[in-house]
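This structure is a prediction, so every number in the text was calculated from the model and none was measured. Every number for a ligand or one of its atoms is a count from 1 in the order of the listing.
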Amino acid sequence: MDFQAVLDDIDAQIRPLLGTGGRVASYIPALARVSPQQFGIALRTCEGQEAAAGDATTPFSIQSMSKVFTLTLAIRGLGEALWQRIGREPSGSPFNSLVQLETERGIPRNPFINAGAIAVADRLLSLGGDEALAKVLQMLSSLCREPVHIDAEVAQSEADTGFRNAALANFMRGFGTLDNEPGRVLDVYFKQCAIAMNCQQVARAAGYLCRDGAHPYDGTPVISETQARRVNALMLTCGTYDAAGEFAFRIGLPCKSGVGGGIVAVLPDRLSLCVWSPALDGTGNSHLGRMALELFVARTGLSVF
Ligand code: GLN
């Protein structure tokens with residue numbers, strides 16, 4: 001398939017729509033300053049064929065897309081024991097919701113809502129201590145074969161305004177389901193969310209998820225085949241929060257979104273894909289990114305269903 005032509009067509013269809021719908025995340029001040037007039041798309045097949053269009057090499061804040069990679073590290077380090085602290089069910093609630101944590105006694109519904117990702121960061125701290133964050137960056141750099149770093153301004157902006165996340169961390173600590181001091185856990189969480197990458201790098205980095213857990217460049221196992229299948233299952237059911245049903249219905253690919261406007265998608269055994277456009281819909285997912293994924297699936301017929 002001529003993927004370059006497909007992505008060029010999608011870019012041509014999306015570009016005139018820039019600025020017509022959705023709003024950039026404003027609850028993190030550093031993200032509110034990002035221009036919504038940007039769209040990028042990139043993919044990499046399991047065989048290493050690549051295609052990209054639009055602003056595919058412009059770095060953006062990966063935000064909750066980081067949760068896929070921290071989950072991968074936690075699964076690799078802890079195996080099944082991870083699930084003693086985190087559930088695997090869609091929440092049906094917004095990503096930063098506190099309500100379920102109360103009734104479910106400090107065990108987050110899944111690793112992709114904020115509470116779940118904060119619980120994963122806690123596990124990474126217990127596993128790696130002060131090296132926890134460096135290990136996330138190392139993994140991402142190794143996966144996309146380029147240096148990856150944290151946008152310090154975004155990280156600070158999140159730390160200054162992340163009161164809900166602080167509430168989630170303290171709540172879990174109160175239930176005894178967070179082992180490390182909430183401030184330390186939040187530091188890891190805010191910084192992982194503030195990692196800057198571009199569409200091309202993210203599409204490359206997610207390559208292990210379409211290759212049964214094998215590293216996209218050197219083929220060494222990042223996680224096992226079963227573990228990769230499970231990460232994909234969680235992305236499909238929980239990766240786009242309370243829009244996950246709609247994403248499965250309209251797109252049918254495991255996806256993980258972030259409030260920076262990125263969405264990473266995986267078609268197992270075939271390709272990994274990243275779209276980015278900063279304006280978000282009401283569920284915190286990229287408005288045009290979602291539309292671009294729909295166009296991609298309609299045009300190529302590629303979906304898990
Ligand atoms: N850093 C963001 C937050 O904690 C991540 C949320 C997201 O991307 N959905 O609110």
Side-chain angles (χ1 to χ4, degrees), residues 22-34 36 59-71 90-101 108-122 124 133 136 140 150-172 178 182-197 199 202 206 234-235 237-244 246-247 255-265 274-287 289-290:
R23 312 177 82 173
V24 297
S26 56
Y27 74 102
I28 302 171
L31 294 185
R33 292 195 277 278
V34 176
F60 62 91
S61 189
I62 67 169
Q63 291 294 319
S64 285
M65 286 160 50
S66 65
K67 296 172 182 174
V68 172
F69 302 100
T70 52
L71 173 66
S91 68
S93 301
F95 59 85
N96 54 7
S97 172
L98 283 134
V99 286
Q100 280 165 346
L101 264 190
R109 269 287 170 102
N110 67 66
F112 293 150
I113 50 173
N114 286 10
I118 291 168
V120 169
D122 177 63
L124 292 183
L133 198 62
V136 178
L140 283 169
I150 294 163
D151 181 327
E153 190 198 343
V154 174
Q156 189 58 49
S157 190
E158 293 222 37
D160 291 344
T161 57
F163 302 111
R164 287 188 76 100
N165 290 319
L168 291 166
N170 281 293
F171 211 53
M172 287 188 278
L178 209 67
R184 257 185 104 207
V185 180
L186 289 168
D187 185 59
V188 171
Y189 174 72
F190 290 141
K191 287 180 175 157
Q192 75 177 65
C193 288
I195 291 171
M197 290 174 78
C199 289
V202 174
L234 286 165
M235 286 170 70
T237 53
C238 313
T240 48
Y241 314 113
D242 41 336
E246 192 67 11
F247 264 75
C255 290
K256 181 76 206 82
S257 59
V259 291
I263 307 175
V264 59
C274 179
V275 293
W276 169 60
S277 194
L280 309 177
D281 64 20
T283 59
N285 296 298
S286 171
H287 171 65
R290 178 180 187 156

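Checking side-chain atoms of Q100 against main-chain N and O of S91 turns up a donor-acceptor pair under 3.5 Å. Checked by atom type and distance alone, the side chain of N110 never pairs as donor or acceptor with a backbone atom of C238 at under 3.5 Å. Remark: side-chain polar atoms of D187 are not paired, donor with acceptor, to backbone N or O of F190 under 3.5 angstrom. A donor-acceptor distance shorter than 3.5 angstrom exists from the side chain of K256 to the backbone of G239, with no hydrogens or angles considered. The main-chain N or O of G260 is found under 3.5 Å from a side-chain atom of W276 such that the two form a donor-acceptor pair. Looking only at distances, no side-chain donor or acceptor of S66 sits under 3.5 Å from a matching main-chain atom of I62.
Shown in contact with N165 at under 4.0 Å from a heavy atom are these atoms of ligand 1, numbered in order with element: 3 (C), 4 (O), 10 (O). The atoms of ligand 1 that sit less than 4.0 Å from any heavy atom of C193 are 1 (N). Of all atoms in ligand 1, numbered sequentially from 1 with element shown, those under 4.0 Å from a heavy atom of F95 are 6 (C), 9 (N), 10 (O).
Contact annotation: for R164 versus ligand 1, there are no heavy atoms closer than 4.0 Å. Residue N96 does not touch ligand 1, judged by heavy-atom distances below 4.0 Å.
Closest protein heavy atom to atom 1 (N) of ligand 1: Q63 OE1, 2.6 Å. Atom 7 (C) of ligand 1 has as its closest protein heavy atom S64 OG, 2.5 Å.
For N114, the closest heavy-atom approach to ligand 1 falls below 4.0 Å. Residue contacts with ligand 1 include Y241, since one or more of its heavy atoms lies under 4.0 Å from the ligand.
Residue-to-ligand polar distances keep G258 apart from ligand 1: every N/O pair is separated by 3.5 Å or more. Backbone and side-chain nitrogen or oxygen atoms of K67 are examined, and none is located within less than 3.5 angstrom of a nitrogen or oxygen of ligand 1.
With contacts defined as side-chain heavy-atom distances shorter than 4.5 Å, the pair T283/E246 does not qualify.
In this structure, of F112, Y189, Y27, the residue bringing a heavy atom nearest to atom 10 (O) of ligand 1 is Y27.
If you take CZ on R184 and CG on D122, they are separated by 9.5 Å, rounding to the nearest 0.5 Å.
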